[in-house]
Amino acid sequence: MRRRLNLLLRTAAAGLIAMGSPAIAQEKPGFRDTPLLPGGKWRVHDADRPHPPVVTPGAVPGAPPSDAVILFDGTSLDAWRPSGAEWTLKDGAMTVPPRVQGGGESLLVSKQSFGNVQLHLEFRSPNPPTKSSQDRGNSGIWFMQRYELQILDSYRNPTYADGTVGAIYGSQPPLVNPSRPPGEWQQYDVVFERPRFAADGKLVRPAYVTAFLNGVLVQNRQPWPGTTIWRRLAKYEAHGDAAPIQLQDHDSAVSFRNIWVRPLPEAAASHDYRGDVK
């Protein structure tokens, strides 16, 4: 009886497979007889090409996706270390502390190091503004503690072009100035690609940045000329594959909230160089 039942089950399964039942077996969608894509091993519409990992997006725009590293969620500064005075935490935001007489700056440095990243960050300049030009709502995002993307209150605030908000500081002005008035929250969405160096320390490929400010493109995969240096030409010096993100203290009470990053794989930035790089 058992042998007859097993035979019936096998016969039924074979019939379901022959009919293409998804409950038993399903042919992979795609093709295996199409042309090979240039420079790779996959065919056009290749049935065997691996699928991308699934990431759950945030519930609302600006919320971190499921694979994000949370650097600040409004409750704790545990992901950071200050170089001087503690930054203040109030109402879900952290703020650059006031400098005491004769005191130095207090940079905020992430405890974790990163290379290629997607970053989301929201900031707010003091209101009402009390200063002008580079002394008004000034801060900055320093990728790998070397490459500064400028933060500044640039709403009706004239300053030099490569020092306005959205600039690669000291080098490349933003494409446009989509600033909101002081006191309003603004947001950056940035893709940073780290530089590559050969084994002898020679630069093989510069860093690149793509940046949106308040949803508007301000840098379009712009090459970074090197480490940011005030009033001097930027230049590269070889360094490791990962380093902390740093927020600048420029003696202005700029506030921050909702900071997260997504570390990106090498494949996200490997399509434009070849050779021995690190």
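Start at 1 with the first residue, then count along the sequence. All values below were derived from every heavy atom in this structure, side-chain atoms included, with hydrogens, water molecules and symmetry-related copies excluded.
You'll find the side chain of Asp162 stays beyond 4.5 Å of the side chain of Ile168, heavy atoms only. The side-chain heavy atoms of Gln150 and Gln134, taken from C-beta on, include a pair separated by under 4.5 Å. Counting only heavy atoms from C-beta outward, the side chains of Ser139 and His250 never approach each other to under 4.5 Å. Counting heavy atoms from C-beta on, the side chains of Trp185 and Ser255 come closer than 4.5 Å. The closest side-chain heavy-atom distance from Glu237 to Thr227 is not below 4.5 Å. Side-chain contact check for Trp224 versus Pro206: every heavy-atom pair is 4.5 Å or farther apart. Proximity of Val176 to Leu213: side-chain heavy atoms (C-beta onward) are nowhere separated by under 4.5 Å. In this structure, the side chains of Phe143 and Phe114 stay at 4.5 Å or more apart for every pair of heavy atoms.
In terms of modelled atom types and a separation under 3.5 Å, the side chain of Thr159 and the main chain of Ser133 share no donor-acceptor contact. Side-chain atoms of Gln219 come within 3.5 Å of backbone atoms of Pro173 as a donor-acceptor pair (strictly under, hydrogens ignored). Remark: the backbone N or O of Tyr155 is paired with a side-chain donor or acceptor of Arg136 at under 3.5 angstrom. Put simply, the side chain of Arg99 gets close to the backbone of Asp249: a donor and an acceptor are under 3.5 Å apart. Under the 3.5 Å distance criterion, the side-chain polar atoms of Asn157 are left unmatched by any main-chain donor or acceptor of Ser154. A side-chain donor-acceptor contact under 3.5 Å links Thr228 to the backbone of Glu148. Checked by atom type and distance alone, the side chain of Arg205 pairs as donor or acceptor with a backbone atom of Arg194 at under 3.5 Å. Here the side chain of Asn214 pairs a donor or acceptor atom with the backbone of Pro178 at under 3.5 angstrom. The main-chain N or O of Gln112 is found under 3.5 Å from a side-chain atom of Ser110 such that the two form a donor-acceptor pair.
Using cut-offs of 30° and 60° for the angle between ring planes, the Tyr147 and Tyr236 rings count as tilted. Using bins of under 30°, 30° to 60° and over 60° for the plane-to-plane angle, the ring pair Trp87/Phe256 lands in the tilted bin.
Taking every heavy atom of both residues into account, Arg81 and Pro244 meet most closely at NH2-CG, 4.3 Å. Between Gln246 and Leu107, the shortest heavy-atom contact is NE2-CD1, 3.5 Å. Residues Ala167 and Ala161 approach most closely at CB-O, 4.2 Å, considering heavy atoms.
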Pair Val254-Leu247, side-chain contact (heavy atoms from CB on, under 4.5 Å): steps then yes or no: CA-CA 10 Å; Val254 178; Leu247 300 180; over 6 Å; no
Trace of the salt bridge (charged side-chain N to carboxylate O under 4.0 Å, His left out) decision for Glu122 with Arg180: CA-CA 12 Å; Glu122 298 173 22; Arg180 292 193 170 109; over 6 Å; no
Go through the steps to decide whether Glu193 and Arg221 satisfy the test salt bridge (charged side-chain N to carboxylate O under 4.0 Å, His left out), and finish with yes or no. CA-CA 9 Å; Glu193 303 172 37; Arg221 202 165 185 270; 3.0 Å; yes
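Between Lys131 and Asp153 there is no salt bridge, since none of the side-chain N atoms of the basic residue sits less than 4.0 Å from a carboxylate O of the acidic one.
When the shell of 6.0 Å around NZ of Lys202 is examined, it contains 12 or fewer heavy atoms from other residues, nucleotides or ligands. Other residues, nucleotides and ligands place more than 12 heavy atoms under 6.0 Å from the CZ atom of Arg32. By the 6.0 Å contact criterion, OH on Tyr160 is enclosed, its count of non-hydrogen atoms from other residues, nucleotides or ligands being greater than 12.
One distance of note links CZ of Arg257 with CE of Met94; it measures 12.5 Å at 0.5 Å rounding. In this structure, OG1 in Thr210 is found 11.5 Å from CZ in Phe192, a value given to the nearest 0.5 Å.
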Side-chain donor-acceptor distances from residues 58-76 under 3.5 Å, at least two apart:
from, atom 1, to, atom 2, distance (Å)
Ser66, OG, Thr56, N, 2.9
Asp67, OD1, Arg262, NE, 2.9
Asp67, OD2, Arg262, NE, 3.0
Asp67, OD2, Arg262, NH2, 2.8
Asp73, OD1, Thr75, N, 3.0
Asp73, OD1, Thr75, OG1, 2.6
Asp73, OD2, Thr75, OG1, 3.4
Ser76, OG, Asp78, N, 3.0
Ser76, OG, Asp78, OD1, 3.0
Ser76, OG, Asp78, OD2, 2.9

